[in-house]
**Q** 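Once you've had a glance at the structure underneath, I'll fire off some questions.
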There are 12 protein chains.
Amino acid sequence: MTRNVIPLHIEVINGPNMNLLGEREPELYGTMTLTALEAYLRALGNELDATVDCFQSNHEGALIDRLHQTRRTADGYIFNPAGYTHSSVALRDAVLAVAKPVVEVHLSNPDAREPFRRQSFLADVALGRVNGFGAVGYGLALRGLVHHLRGHAAGR
Amino acid sequence: MTRNVIPLHIEVINGPNMNLLGEREPELYGTMTLTALEAYLRALGNELDATVDCFQSNHEGALIDRLHQTRRTADGYIFNPAGYTHSSVALRDAVLAVAKPVVEVHLSNPDAREPFRRQSFLADVALGRVNGFGAVGYGLALRGLVHHLRGHAAGR
Amino acid sequence: MTRNVIPLHIEVINGPNMNLLGEREPELYGTMTLTALEAYLRALGNELDATVDCFQSNHEGALIDRLHQTRRTADGYIFNPAGYTHSSVALRDAVLAVAKPVVEVHLSNPDAREPFRRQSFLADVALGRVNGFGAVGYGLALRGLVHHLRGHAAGR
Amino acid sequence: MTRNVIPLHIEVINGPNMNLLGEREPELYGTMTLTALEAYLRALGNELDATVDCFQSNHEGALIDRLHQTRRTADGYIFNPAGYTHSSVALRDAVLAVAKPVVEVHLSNPDAREPFRRQSFLADVALGRVNGFGAVGYGLALRGLVHHLRGHAAGR
Amino acid sequence: MTRNVIPLHIEVINGPNMNLLGEREPELYGTMTLTALEAYLRALGNELDATVDCFQSNHEGALIDRLHQTRRTADGYIFNPAGYTHSSVALRDAVLAVAKPVVEVHLSNPDAREPFRRQSFLADVALGRVNGFGAVGYGLALRGLVHHLRGHAAGR
Amino acid sequence: MTRNVIPLHIEVINGPNMNLLGEREPELYGTMTLTALEAYLRALGNELDATVDCFQSNHEGALIDRLHQTRRTADGYIFNPAGYTHSSVALRDAVLAVAKPVVEVHLSNPDAREPFRRQSFLADVALGRVNGFGAVGYGLALRGLVHHLRGHAAGR
Amino acid sequence: MTRNVIPLHIEVINGPNMNLLGEREPELYGTMTLTALEAYLRALGNELDATVDCFQSNHEGALIDRLHQTRRTADGYIFNPAGYTHSSVALRDAVLAVAKPVVEVHLSNPDAREPFRRQSFLADVALGRVNGFGAVGYGLALRGLVHHLRGHAAGR
Amino acid sequence: MTRNVIPLHIEVINGPNMNLLGEREPELYGTMTLTALEAYLRALGNELDATVDCFQSNHEGALIDRLHQTRRTADGYIFNPAGYTHSSVALRDAVLAVAKPVVEVHLSNPDAREPFRRQSFLADVALGRVNGFGAVGYGLALRGLVHHLRGHAAGR
Amino acid sequence: MTRNVIPLHIEVINGPNMNLLGEREPELYGTMTLTALEAYLRALGNELDATVDCFQSNHEGALIDRLHQTRRTADGYIFNPAGYTHSSVALRDAVLAVAKPVVEVHLSNPDAREPFRRQSFLADVALGRVNGFGAVGYGLALRGLVHHLRGHAAGR
Amino acid sequence: MTRNVIPLHIEVINGPNMNLLGEREPELYGTMTLTALEAYLRALGNELDATVDCFQSNHEGALIDRLHQTRRTADGYIFNPAGYTHSSVALRDAVLAVAKPVVEVHLSNPDAREPFRRQSFLADVALGRVNGFGAVGYGLALRGLVHHLRGHAAGR
Amino acid sequence: MTRNVIPLHIEVINGPNMNLLGEREPELYGTMTLTALEAYLRALGNELDATVDCFQSNHEGALIDRLHQTRRTADGYIFNPAGYTHSSVALRDAVLAVAKPVVEVHLSNPDAREPFRRQSFLADVALGRVNGFGAVGYGLALRGLVHHLRGHAAGR
Amino acid sequence: MTRNVIPLHIEVINGPNMNLLGEREPELYGTMTLTALEAYLRALGNELDATVDCFQSNHEGALIDRLHQTRRTADGYIFNPAGYTHSSVALRDAVLAVAKPVVEVHLSNPDAREPFRRQSFLADVALGRVNGFGAVGYGLALRGLVHHLRGHAAGR
């Protein structure tokens, strides 16, 4: 691919229990493992002239640390805070602190589950949200984030 | 494009005030007109081996009629109910009645606006949601819906 | 039938998505079509010395118009506002404006579904309600309304 | 009456203060006494090839006992829990325990009275509801229940 | 009238059931018909050097269409959304889209009626509100809107 | 002015912080002082054959006292309770006690401000409300009140 | 006592757990037994030319039965529904059915206890309430009820 | 009266609009004037060996001042805060500060009026409450308070 | 069993619908009958040097009576109030009145059922709670209660 | 003290019941009197090159008047609205009107008391808040306010 | 012990602040240390033919990690999430992910403490709950869990 | 400094994102870095004869650990839980467990931000709170805490 574009760096951050992806409740979350998901995103990033680094932790504090540590090198974030979505003001504050565009992704459709999953402490400070497409949703988020960062017109 | 895929038909439905796209509150909704958005989606559909038909109305009843009339020919829907998102049980029932996958799209990020925009009568019966990417979000939704309908693995 | 009773005229009005009756979610709404339901009600009306006219629309405004246009000729209404039950103050106001007895009917049992279906903007201004009997409920409502209008003692 | 139908047995159960029917707040509940109502229902049952037994108590426990004692002989119930409608989980549990179809009936229109009358602990576990038709509503409920139990098509 | 003022054009839009004005619940809404109200407003407009056009519909979508179609020619709006006041985000969005001053008028006093009439989706995006003066309130709104548009000091 | 009308007496009462009108948050409340507003209202009253007396206090009790003291001489009131609007049952009771028509006026649009400003303890016992027109709103309220008291048809 | 007054008959009804009065939580409810309380009320009744009958039950249904059975002979009721105060719509309905003045009495101050004790299903249909005076409160209630029934001016 | 009892001093405090007693909404509050009520209470106090002083103000601050000024001489208070009942934390704090028994009295039955009258900031810090007996209720409260202060057994 | 312990007496009380245990909704409540459950508990009591008496009623009042009648002989209670758990302040008051340790038991997991089952009027005045273990939970509760009453260290 | 700083003038305003400081509920509010507190603040002000004037009233209106009268001479305010904190929109509006920095102080910790003390109508328009330090908190507030007004770096 | 049973492995997990057991608020949590509790559980496990491993952490992420790491070897869990009970959706998701029976245990009775302790994000996905028995509750939970896993009839 | 005072040891604990102080949203949080803040507090402590140790972590568990580890050596705490303020029951429990005075500090004014920032799980178990003074607030908190621990009279 020889398009002459400014390269971007995107951080993909996954929250608690995402390490069990592919094994945990597959009827809800699908069968692709986290390793495969991350490989797919790096490949898609390559195609879009964006480097992609991935991180997962079950620790809220480690997710905050990661946001802090990458805040100077990342052009944007794809972030699935999983269970912390609904309870963590600290992660919201970290997103505000890094001051880079963040796309919130959820594998499943949180609006179709327990009522407490309808509240997200991230949604209103995120650039946008992609819910319900399973692993594909990360790819859509990556495309959308790259478009946003390059200021492209809609379309390819 | 010579890939050997089963062709799909997607209906794109836009709700009230979307006819003013590009003119109405451009700082919130962007400058692309509805005509341009629809052309972009038909072109992207072409690239993805999917025909795309588009419809817009300010009338809740006309949106319901459209869902009914296209329910046998459409393989899936991209639907931005706009202001009706937050009040219309009738549209929710129509989506349940057509029994086809529906992706809910919003140009802006409803979670970052007035509190009443946090409730969607569509979200929990939709396949998924794409919020906050402006016109680009329709393209992401179209890609995601086509992937879902073809049962593709993640990625292209 | 030769009973010597004052003839009555009843309007039956069905709201959004009722045109798909018999086809839409049959496990919830049954398999009788709207055409068959309307024929059944006209026949039952005949038996009860009441003429019955039927109307269906997916348009809130058209339902209001119908209430207005028939307000001088109808002695009472059987009204299933479907999805508009839970959101329409305008229909409530139309019912108040026509000032004739209205029986609210629902095919399914709204109390056994999503919480937002527990609110009806019609229930407290209606004469009564019949829920959960499927198409039979319209017949019960028609019998009840005719009894009410003739001021009969209970029973036939 | 010579129709060849399987006979049914229906229990009619009335809750607290219903023994004062005809005397208590007649502008709200009508002038028919409970004795007359029960006679009317037995007669209508006869016409519909259904035996009807009636029971009334002001005691929540006695209503539960009655449901238990008749659970093997009754094909279905017509139940007006009156004031217990809005507070009794125990009666709800009894209805679940007997596992027979129950139609909830109210003489007046609870939605048009105090807000706490809008909550029914029975409504979502009942087959259906008939509200607001006074004593006539019991007859409608009986017809509807018999239809349901015989699996009739709508109409007679 | 020979004052040398810039002429204005005002659109008066009335929502559902307003076509029955003068006939519907006159103890609440008064006996002046809609035709007479509109004539009065055109005459008052003439006196204030403002042309006045009037529109009424029971269809939410038609009200949105009207706002769109007149958005370039109207200097301001007098809008009584009637029952849609309390449920329509779509009309709110239309008002935001036309970006002209809108005065919300109600014949009766919504605060003195059912609790759900206390919520208006229009009130916080309107220039102001006039409630409870019956038909006279439209005249007050017209005077107030004309003053606002001409930037007059208070008083005539 | 020689029209032959029964003269009226109107009390204008302004609540807390209104003495700073013209100086306090002028972008919200405008630049006209309270003295000028009162002069304008007296002049307008003169034109409408109504005497106008004005009163302002920051003391809730003094506002109640004023209502009491003028209850025999006033034909009606124009009342802006300002901050007490949202908290004072005592003022509501005073308005009920004087038993004269009261028009509630607000300079700004309370619905467009903090959520607690949406509750008015006066609104449902007032004749009507005029919000959002700044000082002009008092003039509109005066016209509307005079019309109401004289039982005029709409118009001048 | 030789005053020439029409004799009255008052029913005193005590609800659940009141049989343990004097023994149960004496720091909250005092040390006077129910027997002594009833003797005191009969004596005070005698002094006021009123006969007093007393009843206590832990059974909600028995309390309803008692209200029904005494409704023709009682001129008024003093009623402490104890724990049923906060949950029983059936008792409220019984009070409405007997259509005689009822004074609600509580030994302790329900407003100073758990939040759920602030709701009374009786309070708004009672003539009045006396809370927090322990056994003395019954005497105050009896005096007040007798005054009310005799239409006395305030005072003895 | 020669009983050998320790004399008591009771302060009776009436809040806003109580000065209009007998004139204001007599169907709700009765026809006895405040002057007559105070005379009645002084007479009843005399009979009970208690001096009674009375105070009324429409000013929340004056009511607080009165509580402060009398806190050393009063043995207890009868307090009807009227409209301030539902909004005044400051009066609650004053009652806590004076640390004497206070009986809350209301002429009408606040539980039978608007929902906001169900909240009392005084009720849970008062000794007790007497509602709904009109002017008689003050007499009952005075008797109850005197009994409480003298630690009498129930009865006379 | 020759351990030298002070014998205890435990009352086991089961509320409404528990008489149908083993027959009613066995997938939820299991197949052991109430008779068998009571036998098991008496046997386990024997093993633990505790006599066990059992009682069941569908009548709220009878449950209160039972608590009262056994309050001097019981050392503690195992109480499953079933449906009354969520509505009965009277039972709560009875538990407070008997002033003995009470363990609340539920066969199923109320937190996993309808939202109204999350409120228990007993939980905060009970010693503890055992939910979700079916009939075994009564045995656990009995062990726990006996330990508590004997003040044992944890373990056997 | 010879530092060369611009002198400041601070108004200290105390709300209802603060005149009883040192006497009222000393376990909650401490034993220092208001006179001593004001002397301490004037002395501390002297040390910080700030003149301090103090005012206390139980009258909401007098507190508003004081804010108005001092708005040109005060550089900032230390304000303990006491009980009015939780109910007074009028005081909030006065604070907005004077447009000077205000520090809210509470002697006790309102968050540790009744739930209604958690709402402050002042907190979000104040510069900051100091709660729970008793009289010392005023000194901290004064230091903090002076620092703020002088734009000092943190520390002395 | 020679019973021929399939051995089980149980994980006991304790959440934040449980390391201070025996020292922290002993009147609420008892004086047994965590070390002693764990020894007791291992011994009881031995008696029940179950191995027991114990883990405690103050880190939410570490608790999630522990659930993940033991999910293949544990037959069931005894889990006291302590303070995370009321806020952690991530722990709930981890429990769902490991898909093994989990018994929730609390030393104290959360229903008898602050209102926010009534919500548990674990309760509805747990097998059951044991509250309020102090350290003994863990033993009861272990017995109950072992019974459940072995499918025993009730009792030993 | 030669004052003869008992030395104190104070722990200062800062929660998530506080490591970015001075860099993160400086318009909200100021430009002083965490290092500088901690130096300032140690210096101020020195002046007040108190040693000050500081700790910051983004990990909720680490904050709990720190509270535990220092609980024997610290005389009091200054604690800014940042985002965990609004969600962490575990931190609240840790504060209760250490049983030392804790002052809650916030740089900004949480009451002036998003509604969810109004809830603090720490506020009601803290000694006091200092909000809105930026870094200076820590100094005020330190002074206040030292005063409290030494039991000084107000002032220096």
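The figures that follow rest on heavy atoms only: side chains count, while hydrogens, waters and symmetry mates do not. Chain A is the first sequence line, chain B the second, and so forth, proteins listed ahead of strands; every chain is numbered from 1.
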**Q** Kindly compute the distance separating CG (E:Leu37) from SG (E:Cys54), expressed to the nearest 0.5 Å.
**A**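 So the CG of E:Leu37 and the SG of E:Cys54 are separated by 7.0 Å.
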**Q** Could you have a look at E:Asp65, E:Ile64, E:Asp93 and say which one has the most heavy-atom pairs with chain B under 4.5 angstrom?
**A**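 With the most close heavy-atom pairs to chain B, the winner is E:Asp93.
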**Q** Heavy-atom distances under 4.5 Å only: say whether E:Leu91 touches chain B with side chain, backbone, both or neither.
**A**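 Neither part.
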**Q** If you check every heavy atom in residues 100-114 of chain E against those of chain B, which residues fall under 4.5 Å?
**A**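 From residues 100-114 of chain E, none sit under 4.5 Å of chain B.
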**Q** Minimum heavy-atom separation for B:Pro16 and B:Asn58, please, with both atom names.
**A**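 Result for this residue pair: CA-OD1, 3.2 Å.
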**Q** Please determine if E:Arg92 and E:Asp124 form a salt bridge, counting it only when a charged side-chain N lies under 4.0 Å from a carboxylate O.
**A**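 Answer for the salt bridge query: yes.
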**Q** Measuring from E:Leu34:CG to E:Glu23:CD, what's the distance to the nearest 0.5 Å?
**A**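 Answer rounded to 0.5 Å: 12.0 Å.
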**Q** Answer yes if the side chains of E:His68 and B:Asn17 hold a donor-acceptor pair under 3.5 Å, and no otherwise.
**A**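 B:Asn17 and E:His68 do have a side-chain donor-acceptor pair below 3.5 Å.
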**Q** Sort E:Ala62 into side chain, backbone, both or neither according to what part of it lies under 4.5 angstrom from a heavy atom of chain B.
**A**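 Contact with chain B is through both the backbone and side chain of E:Ala62.
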**Q** Nearest 0.5 Å, please: how far is OH in E:Tyr77 from CD1 in E:Ile13?
**A**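 Interatomic distance, E:Ile13 CD1 to E:Tyr77 OH, rounded to 0.5 Å: 6.0 Å.
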**Q** Can you check salt bridge (Lys or Arg N to Asp or Glu O under 4.0 Å) on B:Asp75 and B:Arg150, steps first, answer last?
**A** CA-CA 10 Å; B:Asp75 294 295; B:Arg150 295 218 170 100; over 6 Å; no
